[in-house]
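Down below is the structure, laid out as structure tokens.
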Amino acid sequence: MLPKAYDPKACEDRIYQMWEESGAFKADAKSKKEPFVISMPPPNATGQLHLGHAVMLALEDIFTRFARMQGKEALWLPGTDHAAIATESVVIKKIQKEEKIKDPRAHYGREKLVEKIAEFVQASRATIRSQVRKMGASCDWSRERYTLDASLNRCVNEVFKKMYGDGLIYRGQRIVSWDPKMQTTVSDDEIEHVEEKAPFYTFQYGPFQISTARPETKFGDKYVVMHPDDERYKQYKDGDTFTAEWINGPVQATVIKDSDAIDPAFGTGCMTITPWHDMTDFELAERRKLPREQIIDFTGRLMPVAGEFAGMPIEEARPKVVEKLKEKGLLVKVDENYVHRIAVSYRGKGVVEPQIKEQWFIDVNKPVVEWKKKKMSLKQVMQDVIRSKDIRIIPERFEKIYFHWIDNLRDWCVSRQIWWGHRIPVWYKGEEKRVGAVSPGPGWMQDPDTLDTWFSSGLWTWSTLIDPTLATDTSLSLQDLLDRSPDFQKFHPTTVMETGYDILFFWVARMILMTTYATGQIPFKHVYLHGLVRTRDGKKMSKSDPSTCIDPLEIIPKYGADALRLSMIVGQSPGNDFRLYEEKIAGYRNFINKLWNASRFVLMQCEKAGVDPKGVGDGAGVGSLSVADRALLSSLQSLIDDATQGLKEYRLSETGERLYSFVWDYFCDWYLELSKGESNPAVLVHALRTIVHLLHPYCPFVTEELWASIGPKGSGPLIREPWPTPEKKSIDRDAEAQLQLLIDIITAVRSLRAEYGVTPEAKIPSTVHAVRSGEFLVQHQAHVLRLANVSELTVVSKAPAPRHGVVSAFLKGVDIQLLLEGVVDLTKVKENLEAERAQLQKFLAGVQAKLGNEQFVARAKPEVIETEKQKLADGEAKLKKIEERLKAFA
RNA sequence: GGGUGGUUAGCUCAGUUGGUUUAGAGCGUCUGGUUUACACCCAGAAGGUCACAGGUUCGAUUCCUGUACCACCCACCA
């Protein structure tokens, strides 16, 4: 016999091990079955799993288990990401703290530091692996990958080479966002904008007044820009020169008229430019072929051009420069309330300084990509796959956001000045340059930079499917690798990419870019974006604040992985953030326990009847069915239908709720209660088996544990069981309607009891007393019941302590319709019926109008029209019945 | 500055192309209860002008327009 409460701690690890050893997670590339593939977004190998990962794992596991049970060849490929900047900065900080080494890069040198990072990553990957298992993730560990694996590195190098050959990768002097703290370039997407209040100074610059929040960059400014239509400056012409007294003496300055760079309504309407340290200024300088000069070095200190300020860090120099200009009488005014946004590195949190550097870029506008028999740019391909619906994003609104992002997309800077990552496969010897993974010979030096981490993760859906043994054969081309890797052939494109909406641009867009280019295929058919987990107060969960932060590793032992999974899935809709807190998780723990106890009850009934639950065979020995049995079997069919349809359409929350409500509100509260009068063990077992199947993707552990007790003899684990299909022959709407009527009557009697204040001591028999007295009427919907008639029911009730007095009678086959006779208050009934008729007629007219509407019919899906027609038919039948009954009154 | 989402019961949220939902759930609150699984339970109750203002419609929480507040994203305001 099962214990009184479900204990997840005692089962989960054992069950997971059983699944893993049974080979159920392992996908077969030779299988003839339709593939279903998810590439797990690889967690950063920098530490621990958090709730964001837990949501991802729960969602993807549900998709995968459902597909597997549906008979698809399901592959869920797990892995980890080397997370270049993030990892390097974590390890450097760690060394600084633990080993008290100020500059770990200088201290250890490249080779040794990379080794140390690799060690750290090894440990972290092991932690993550065990944590993913704790969530019950049914992923194929035999195919686990890591973004720095040799075979993935091969793919990175091959793609780089191909892009270089196509002229899509180029090296150039461009303005980039430089993180002086991490000493590397960061990409546009790795920048956060933080609001900051800073004094906004206006200075006299020759005859002009210019404003700036960054006077320390202004040493080399020799151009003053204004809008060509600005009336205030119409006496100046483009190219006019003048001499202005400036920070370190007079400068020769030139007037520039430009309509793109300047907003005449802002400030004084004119500005000086600093092309080396400002994006807009850089672009203007590029257009006009203006000279540019570096003012701030790569460590964030002023260069010799600053004269007496040279060598000072920015924060120190700024007030001093202002002071000097003030002394010279050039400070016009200071706005202390000015608020602007400063760029901060997402990872290192250092203030980003635009700098001009030689970097590697991917050209997103060059139309050299072969796609659908046309030459397109990377940008165009990225737009095309979404616009043509090759890839569908869920929820759809993110498509708009995606397009907007692409419209503003500029060339992607892929080189990083850090050591942890894929080394750029380019070699130099004097002026010569070669692209390749290995040195072309003596005297060649490899580019010291590494690639942006998203370069390799952009290949994730397919680089993970390349056969690692083939990847060692350097004679093969990229196309050969794709053609000859069985996994790639079977499992690509993947089915669905499930990830947080926060990395739509970072990652999803980049996978589309890299994969379409490198393989000629889309990386995935669907993108399912989940929301971010927040605290009860709607704040972001942060590790730095443990009071608000829920750690999945503390929750799982306490409430079980199943409860955690449900709490993150039900009540959550794609693309929207959701709040998680302990009471919610406890609520689903209660549900798991309810299911557990319902199963105990079923097993007890079997024992009582001398039936072996494992011996219950589908179809055989069911015995005679009561109305309640038929109603249950019938509603199970619609449940299967709804669950299947819901999961197919990724409506996980709704489907979870439907299953929850079926189990608790229907199966437990009604069917099991009715079974206390008289039970049919075969039906009980059959129903429970179906329920456990349908719930398995959501809560795999408890259902698997129950399956061990109720599954047929000789059956394998639940994870391998086929998904239930509805049986038409079990559908019995009459039985459902009759049971519903019974439920309605019982409910009505109960509320009657409450209304007349029957003493609590009287408990259930009080219902009977009330009924027997014949004084009370039950008014329910259009029916007014005289309870004297119902009193008949008590006679046939034989249950020792009937919880629902009327129930047993029902099971004995008393025709419920009889109860409706002997109506007392005829006028009331008539009124009710008439009201119901009026409402129904109105409704039917509405539905008819809808079906008659051409626009609706043209736009609606066939199944929607079907349901509308069904509504109409049902309504008309009901109306007919009402009419008949009304006729009786005449 | 541009864009997206949100605003439904004390709290957290559902609500599938306008009507059979006189607005639903979970938690919390209150009342009553240990009954052949389950107190991680059972039976009930209270609690909502579906943010506001207009419009379309026979009918709007649902569609349209505007307003307010909240959140997020994007952008080169010096």
Side-chain angles (χ1 to χ4, degrees), chain A residues 2 4-6 193 200 210-214 225 260-263 265-268 270-274 278-284 340-341 354 395 397-398 400-401 404-405 407-408 501-502 504-505 531-532 534 536 538 559 563 570-573 575-581 583-584 586-605 608 646 649 651 653-654 657 660-661 665 668-669 672-673 675-676 679 747 750-751 753-754 759-761 763-764 799-803 836 839-840 842-847 849-850 856 859-861 864 871 874-875 878:
Chain A
L2 300 173
K4 199 163 171 178
Y6 170 59
H193 292 274
F200 190 55
I210 56 121
S211 301
T212 183
R214 301 204 55 194
V225 188
D260 290 338
I262 197 108
D263 171 11
F266 183 83
T268 57
C270 61
M271 64 176 183
T272 59
I273 59 166
T274 316
D278 187 284
M279 306 278 178
T280 327
D281 298 358
F282 174 82
E283 276 167 23
L284 180 68
H340 69 153
R341 275 177 285 278
R397 69 184 144 90
F398 280 95
K400 209 171 165 181
I401 299 172
H404 184 251
W405 179 79
D407 289 343
N408 293 302
Y501 67 77
D502 53 332
L504 176 64
F505 307 137
L532 275 31
R534 290 173 178 278
R536 193 182 193 112
Y559 296 101
V570 179
Q572 192 238 116
S573 47
N576 294 326
D577 294 352
F578 66 101
R579 304 179 191 205
L580 189 69
Y581 39 86
E583 296 94 302
K584 205 161 167 179
Y588 289 102
R589 185 267 321 265
N590 296 352
F591 170 70
I592 301 286
N593 194 237
K594 185 78 182 172
L595 177 68
W596 181 261
N597 274 294
S599 309
R600 286 181 67 215
F601 178 79
V602 170
L603 293 175
M604 280 169 142
Q605 294 298 314
K608 228 163 65 182
E649 291 166 11
R651 285 180 285 120
S653 170
E654 200 187 321
E657 225 169 329
Y660 178 106
S661 158
D665 305 337
C668 291
D669 286 354
L672 292 191
E673 290 302 334
S675 294
K676 287 176 181 173
S679 73
T747 310
R750 276 178 190 164
S751 59
R753 218 166 33 113
T759 52
E761 293 74 34
K763 291 179 198 155
I764 298 305
R803 193 159 182 172
E836 201 182 353
Q839 198 188 359
L840 201 55
K842 204 173 156 193
F843 167 68
L844 290 173
V847 177
K850 199 176 189 178
F856 170 77
R859 256 196 351 221
K861 292 184 203 149
V864 173
K871 273 190 203 172
D874 291 350
K878 206 163 161 187

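Within every chain, numbering begins at 1; the chains are lettered A, B, ... in the order of the sequence lines, protein sequences first and strands thereafter.
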(request) Check RNA chain B against residues 586-593 of chain A and give the residues with a non-hydrogen atom under 4.0 Å, in numerical order. (result) Arg589(A), Asn590(A), Asn593(A)
Expressed as a whole number of angstroms, how long is the span from [X]:[atom1] to [N]:[atom2]?
X         : N      : atom1 : atom2 : value
Leu2(A)   : C38(B) : CG    : P     : 12 Å
Lys400(A) : G5(B)  : NZ    : P     : 7 Å
Phe601(A) : C42(B) : CZ    : P     : 14 Å
Glu673(A) : C42(B) : CD    : C1'   : 8 Å
Ile401(A) : A71(B) : CD1   : P     : 18 Å

Is there a side-chain contact between [X] and [Y] (heavy atoms, below 4.5 Å)?
X         : Y         : result
Asp278(A) : Pro354(A) : no
Arg536(A) : Lys584(A) : no
Phe398(A) : Leu504(A) : yes

Taking all non-hydrogen atoms of both residues, which atom of [X] and which atom of [Y] are closest, and how far apart?
X         : Y         : value
Phe578(A) : Gly531(A) : CE2-O, 4.1 Å
Ile262(A) : Met271(A) : CD1-CG, 3.6 Å
Asp281(A) : Thr272(A) : OD2-O, 4.2 Å

Looking for any heavy atom pair under 4.0 Å, which part of the strands does [X] touch: base, sugar-phosphate only, or nothing?
X         : answer
Leu284(A) : nothing
Asp577(A) : nothing
Glu283(A) : nothing

Output the single nucleotide from [options] whose closest atom is nearest the side chain of [X].
X         : options                : answer
Lys594(A) : C38(B), C74(B), C77(B) : C38(B)
Glu583(A) : C73(B), C27(B), G5(B)  : C27(B)
Lys584(A) : C42(B), U12(B), U36(B) : U12(B)
Arg651(A) : C72(B), U16(B), A37(B) : U16(B)
Arg397(A) : C74(B), U4(B), U12(B)  : U4(B)
Gln605(A) : C74(B), U36(B), A71(B) : U36(B)
Asn408(A) : C74(B), G3(B), A78(B)  : C74(B)
Ala5(A)   : A78(B), C38(B), C40(B) : C40(B)
Tyr660(A) : A37(B), G26(B), A14(B) : G26(B)
Met279(A) : C76(B), C42(B), C38(B) : C76(B)

Rounding to an integer number of angstrom, what distance separates [N] and [M] when you compare their [atom1] atoms?
N      : M      : atom1 : result
U35(B) : A43(B) : P     : 16 Å
U65(B) : C74(B) : P     : 26 Å
C63(B) : U16(B) : P     : 8 Å
G44(B) : G26(B) : P     : 12 Å
G24(B) : A9(B)  : P     : 14 Å
G47(B) : A37(B) : C1'   : 32 Å
G10(B) : G2(B)  : P     : 36 Å
C64(B) : U57(B) : C1'   : 12 Å

Short side-chain N/O contact from [X] to OP1 or OP2 of [N], under 4.0 Å:
X         : N      : result
Arg536(A) : U12(B) : no
Lys4(A)   : A37(B) : no
Ser573(A) : A14(B) : yes

Both distances under 3.5 Å, Watson-Crick or G-U wobble: report the partner of [N], or none.
N      : result
G59(B) : none
A43(B) : U31(B)
U21(B) : none
U49(B) : none
G1(B)  : C74(B)
A68(B) : U7(B)

(request) Would you please name every residue forming a salt bridge (charged side-chain N to carboxylate O under 4.0 Å, His left out) with Arg651(A), sequence neighbours left out? (result) Glu649(A), Glu654(A)
(message) Quick check against the 3.5 Å criterion: does Asn576(A) have a side-chain atom that pairs as donor or acceptor with the backbone of Gln572(A)?
(response)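 It does not hold such a pair.
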(request) Look only at the side chain of Asn593(A) and the backbone of Ala5(A), and say whether a donor-acceptor pair between them is shorter than 3.5 Å. (result)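 No: the side chain of Asn593(A) does not pair with the backbone of Ala5(A).
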(request) Decide if the gap between the ring center of Tyr588(A) and the ring center of Tyr559(A) is smaller than 6.0 angstrom. (result)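 Ring-ring flag for Tyr588(A)/Tyr559(A): false, centres at least 6.0 Å apart.
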